[in-house]
Amino acid sequence: MPEGHSIHRYARLHRAMLGGRAVAAWSPQGRFDAGAAAIDGTTLVDVEAQGKHLFYRFAGNASDLNLHVHLGLFGRFRHYDTDAAPPTSGTRLVLAAGQTQVQLAGATACELVDPATETALRARLGPDPLQNEDPSRAFAALRRRTVGIGQALLDQRVIAGIGNVYRAEVLFLAGIHPDRPARDIDRGQFDDLWKTLRRLMTAGERTGRIVTIALADRDRPPSRLRADQRLYVYKRAGQPCRRCGTPIRSWELAARTMYACPRCQPT
DNA sequence: GCTGCATGATGAA
DNA sequence: TCATCCTGCAGCA
């Protein structure tokens, strides 16, 4: 479930599990043999998240390279404190210290990067709602887009860390139709969007799941909501809107499925 | 057991 | 806009 909130959560978890410890590293799949060998035996100093990207810093290796991980759509971590399951054949990387293991499979990116490459990578990202950055840059970027707000929000150069779920949910909460031109969003609406994103994603990082339902629209704490009770529109095509009862619509937008309520989010 | 889809991003055209 | 990377699992037989 790799939207930004999960990535920040992983950074925290991996820091707690392996930070300050010498790690053994290997690549069961074999596609990261050289990289793993360079890390193997070094000490994990820090793990940092920016948007959907993770950066791992190690001390004690000569190369000055950091590990860059991007989970993409398929990437998945498995974590063990004891009794680690044997890694699947597709596991790209295992980081281990004693009984503790972090296993990584299916990632879009698992590579060692030099400082210049990392800087360039990070420079491509817009402000991250989970880092309490000044969102002015994101607003300016939005105003330059010719596409709809729904498409612009998935662009990591505008805001880093949003994925398809937060995109759909935040636009519902703002009452904005995804097809409305991004450049038509005014500063007040944008500040509202940003504030909502920060609130939702902070809660997501804390709890590990995406819950957007407002207090007024639910009858029990988020932890006790079923999976299909946590969201307003995402994956609810054809079902009645929780606010007005109109059937939720879905359609392809920028190669992803978009969801919206036609009544609460007028064009 | 099989199929299709999934909370992502890139590079070629 | 499309193909590609490539894993897991829900839903169905």
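Chain letters run A, B, ... following the sequence lines, proteins first, then strands; residues in each count from 1.
Crowding of A:Arg12 atom CZ: a count of heavy atoms from other residues, nucleotides or ligands under 6.0 Å exceeding 12.
Checked against A:Phe172 for a ring-ring contact (aromatic ring centres under 6.0 Å, His included), the options A:Tyr232, A:Tyr234, A:Tyr259 give a single hit: A:Tyr232. For the side chain to side chain contact (heavy atoms under 4.5 Å, CB included) criterion with A:Leu67, the lone passing option out of A:Leu54, A:Val47, A:Leu104, A:Leu93 is A:Leu93.
Heavy atoms of A:Ile210 sit under 4.0 angstrom from at least one base atom.
Taking the centre of each ring, A:His5 and A:Tyr166 come in below the 6.0 Å mark.
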> Where do A:Glu118 and A:Arg57 land on the salt bridge (Lys or Arg N to Asp or Glu O under 4.0 Å) test, with the steps shown first?
Replying inline: CA-CA 12 Å; A:Glu118 179 177 331; A:Arg57 314 192 187 296; 3.1 Å; yes
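With respect to A:Asp191 and A:Lys195, no salt bridge is recorded, no charged nitrogen being found less than 4.0 Å from a carboxylate O. A salt bridge between A:Arg122 and A:Glu48 is present, with a side-chain N of the basic residue lying under 4.0 Å from a carboxylate O of the acidic one.
Of the candidate nucleotides C:dG8, C:dT7, B:dT7, C:dT7 has the atom nearest to the side chain of A:Gln29.
Distance CD (A:Gln151) to P (B:dG8): 14 Å, rounded to an integer number of Å. As rounded to whole Å, 9 Å separates atom P of B:dG8 from atom CZ of A:Arg167. Straight-line distance from the CG atom of A:Leu253 to the P atom of B:dG8: 13 Å, rounded to whole Å. Rounded to whole angstrom, the span from the CG atom of A:Leu153 across to the C1' atom of B:dG8 amounts to 16 Å. The CG atom of A:Leu104 sits 14 Å away from the C1' atom of C:dG8 (whole-angstrom rounding). Distance, A:Glu252 CD to B:dG8 P: 13 Å, rounded to whole Å. One atom, CG of A:Leu73, and another, P of C:dG8, lie 13 Å apart when rounded to the nearest Å. Between the CG atom of A:Leu54 and the P atom of B:dG8 there is a distance of 14 Å, given to the nearest Å.
When both distances must be under 3.5 Å, the Watson-Crick or G-U wobble mate of B:dT7 does not exist.
A:Arg76 has a side-chain polar atom (N or O) that falls below the 4.0 Å cut-off from OP1 or OP2 of C:dC9. The shortest distance between the side-chain N/O atoms of A:Tyr234 and the OP1/OP2 oxygens of B:dT7 is below 4.0 Å.
Atom C1' of B:dT10 sits at a distance of 22 Å from the matching atom of C:dG8, rounded to the whole Å. Comparing B:dT7 with C:dT1, their C1' atoms sit 23 Å apart, to the nearest whole Å. Rounded to whole Å, the P atom of C:dC5 lies 15 Å from the corresponding atom of B:dA13.
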Would you list the protein and nucleotides 9-13 of chain B atom pairs, both N or O, that sit under 3.5 Å from each other?
{"unit_1": "B:dA9", "atom_1": "OP1", "unit_2": "A:His70", "atom_2": "NE2", "d": "3.4"}
{"unit_1": "B:dA9", "atom_1": "OP2", "unit_2": "A:Lys52", "atom_2": "NZ", "d": "3.0"}
{"unit_1": "B:dT10", "atom_1": "OP1", "unit_2": "A:Arg124", "atom_2": "NH2", "d": "3.1"}

